[in-house]
Amino acid sequence: MTRTARKHLLIFLGAVFTISFAIEGYILSVGGFEAVGAGPVFALMWTPGVVALVMRAVLRKQLPAFGWRLPRFSWLALAYALPPVVALLGYGLAWLTGLAPLDIPWDRIAQKVAPGAFGLAGVVVMSSTLGIITGSVFALGEEIGWRGLMVPLLVNARVPVPFVASGVIWGLWHLPLVIFGDYATSSLPWLSAALFVVATTADGVTMGWMRMASVSLWPAVLMHASHNAFFQRVFDKFTGSSPSSQFVAGESGAFPIMFYCAFAAWVIITGRSRRAIAGALTSPTPAASPSTSTSVA
């Protein structure tokens with residue numbers, strides 16, 4: 001099992017990074033995210049999922065299950081709520097300290113939604129509902145690959161600290177667009193890249209734990225979509241520019257990352273990640289059996 005899992009892991013990562021870097025190269029060549037439509041972004045985000053699905057079609061039962069069954073509601077509630085709580089704490093700290101200004105675009109909200117508080121509430125409601133739904137379509141592509149297949153393969157391959165490893169790999173996958181493009185970057189792109197990998201590592205621990213402990217892919221999909229919706233569509237839009245805001249707020253911002261890291265540390269210190277890995281390894285079909293699903297506690 002270990003040797004086979006390692007072989008499949010290398011095949012998966014080799015195919016994903018080869019295809020993804022070609023797509024990222026195209027995005028960079030035309031000017032970054034601001035210059036391309038949703039098509040290339042969708043193709044990029046679905047590359048891990050397509051590779052995983054092709055491998056499943058070819059290798060069939062040689063691969064661990066992706067975790068299609070719905071988990072207990074408590075897992076979905078946690079996955080949905082964690083990103084906006086982290087954003088509120090992280091961005092809120094940046095606003096309160098004055099390191100990033102609170103700047104609500106009232107005029108744009110009035111034009112697109114409604115004037116005043118009703119418009120502001122409408123933006124939040126739409127982002128937390130329709131934004132999550134549309135975001136899940138994009139996030140599902142990544143999560144079929146990263147958490148559906150890669151995390152179980154890392155566990156079955158006996159890779160040390162597999163959840164940490166998954167987050168590092170996930171972060172490296174983004175780096176060309178962070179360092180050379182316009183994604184989650186700042187005036188110091190290498191610093192942004194380092195912070196971004198810290199963020200994906202913390203999220204990788206949390207989402208990997210959710211995936212393995214719930215024996216379901218869907219908490220990771222929902223957390224990914226919730227993060228993108230609240231960070232990119234709400235809190236980023238309500239945060240103005242300052243010399244320090246690019247380093248304390250946003251996906252590469254130190255303050256939100258600090259709170260994501262705190263939650264990941266809780267997962268590790270309380271033994272939750274260790275128990276999730278041990279449970280998967282002792283299951284008759286590692287990382288696959290829905291009968292091993294547990295509660296959040």
Side-chain angles (χ1 to χ4, degrees), residues 1-2 5-6 9 63-90 139 142-143 145-172 195-224 226-227 254-297:
M1 173 65 73
T2 300
R6 289 174 179 170
L9 180 63
L63 296 179
F66 290 170
W68 293 115
R69 285 197 177 186
L70 287 175
R72 295 180 181 178
F73 176 77
S74 57
W75 286 108
L76 298 176
L78 175 63
Y80 178 91
L82 183 60
V85 170
V86 166
L88 184 61
L89 292 171
E142 282 196 47
E143 295 308 322
W146 300 134
R147 255 61 62 173
L149 179 60
M150 182 180 71
V151 165
L153 286 178
L154 288 167
V155 171
N156 294 343
R158 303 299 202 275
V159 173
V161 289
F163 298 162
V164 172
S166 73
V168 173
I169 293 168
W170 189 28
L172 294 176
L195 288 169
F196 191 87
V197 172
V198 173
T200 59
T201 301
D203 289 348
V205 169
T206 299
M207 296 165 77
W209 162 64
M210 289 181 177
R211 159 67 178 97
M212 300 304 286
S214 70
V215 200
S216 174
L217 172 69
W218 297 109
V221 174
L222 186 56
M223 181 175 165
H224 194 153
S226 178
H227 170 91
F255 288 170
I257 291 172
M258 176 176 64
F259 290 105
Y260 269 136
C261 286
F263 190 88
W266 173 78
V267 170
I268 295 171
I269 292 170
T270 58
R272 282 168 166 79
S273 59
R274 175 180 51 80
R275 291 195 295 272
I277 293 168
L281 290 175
T282 56
S283 171
T285 52
S289 174
S291 64
T292 61
S293 179
T294 61
S295 67
V296 173

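Remember, it's a predicted structure, so these values are computed and weren't measured experimentally. In what follows, every heavy atom counts, from backbone to side chain, and hydrogens, waters and symmetry copies are set aside.
Listed here is the closest heavy atom pair of A220 and M207: O-CE, 3.3 Å. Taking each heavy atom of A280 and V155 in turn, the nearest pair found is CB-CG1, 4.3 Å. Among all heavy-atom pairs drawn from V159 and A165, the shortest one is CG1-CB, 4.2 Å. When all heavy atoms of T2 and A157 are compared, the closest pair comes out as CG2-O, 3.4 Å. A pairwise comparison of heavy atoms in L154 and S166 identifies CD1-CB, 3.6 Å as the closest pair. The heavy-atom pair separating W75 from A213 by the smallest distance is CH2-CB, 3.6 Å.
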Show your working on side-chain contact (heavy atoms from CB on, under 4.5 Å) between L78 and F263 and close with a plain yes or no. CA-CA 12 Å; L78 175 63; F263 190 88; 4.1 Å; yes

Mind running ring pair (Phe, Tyr, Trp, His ring centres under 6.0 Å) on Y260 and H227 for me, showing each step along the way? CA-CA 11 Å; Y260 269 136; H227 170 91; 5.8 Å; yes

Check your understanding: Going through the checks in order, is the side-chain contact (heavy atoms from CB on, under 4.5 Å) test met by V151 and M212?
Key -> CA-CA 8 Å; V151 165; M212 300 304 286; 3.8 Å; yes

Using the side-chain contact (heavy atoms from CB on, under 4.5 Å) rule, take L195 and I257 through it: C-alpha gap first, then chi angles, then the decisive distance, then the call. CA-CA 8 Å; L195 288 169; I257 291 172; 3.8 Å; yes

* Quick one: do W170 and D203 satisfy side-chain contact (heavy atoms from CB on, under 4.5 Å)? Show the steps, please. => CA-CA 10 Å; W170 189 28; D203 289 348; 3.8 Å; yes

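N156 places a side-chain heavy atom less than 4.5 Å from the side chain of L281. Contact annotation: the side chain of V215 never approaches that of R69 to less than 4.5 Å [non-hydrogen atoms, C-beta and beyond].
Atom CG of residue L217 and atom CH2 of residue W146 lie 13.5 Å apart, to the nearest 0.5 angstrom. Rounded to the nearest 0.5 Å, atoms OG1 (T270) and CZ (R275) are 6.0 Å apart. Here I277 contributes atom CD1 and R272 contributes atom CZ; the two are 14.5 Å apart, rounded to the nearest 0.5 Å. Separating the CZ atom in R147 from the CE atom in M223 is a distance of 8.5 Å, to the nearest 0.5 Å. Note that the OG atom of S216 and the CG atom of L76 stand 7.0 Å from one another [nearest 0.5 Å]. Note that CZ of R6 is 12.0 Å distant from CG of L153, once rounded to the nearest 0.5 Å.
No side-chain donor-acceptor contact under 3.5 Å links S226 to the backbone of L222. Of the possible donor and acceptor atoms, none in the side chain of R211 sits under 3.5 Å from a partner among the backbone N and O of W218.
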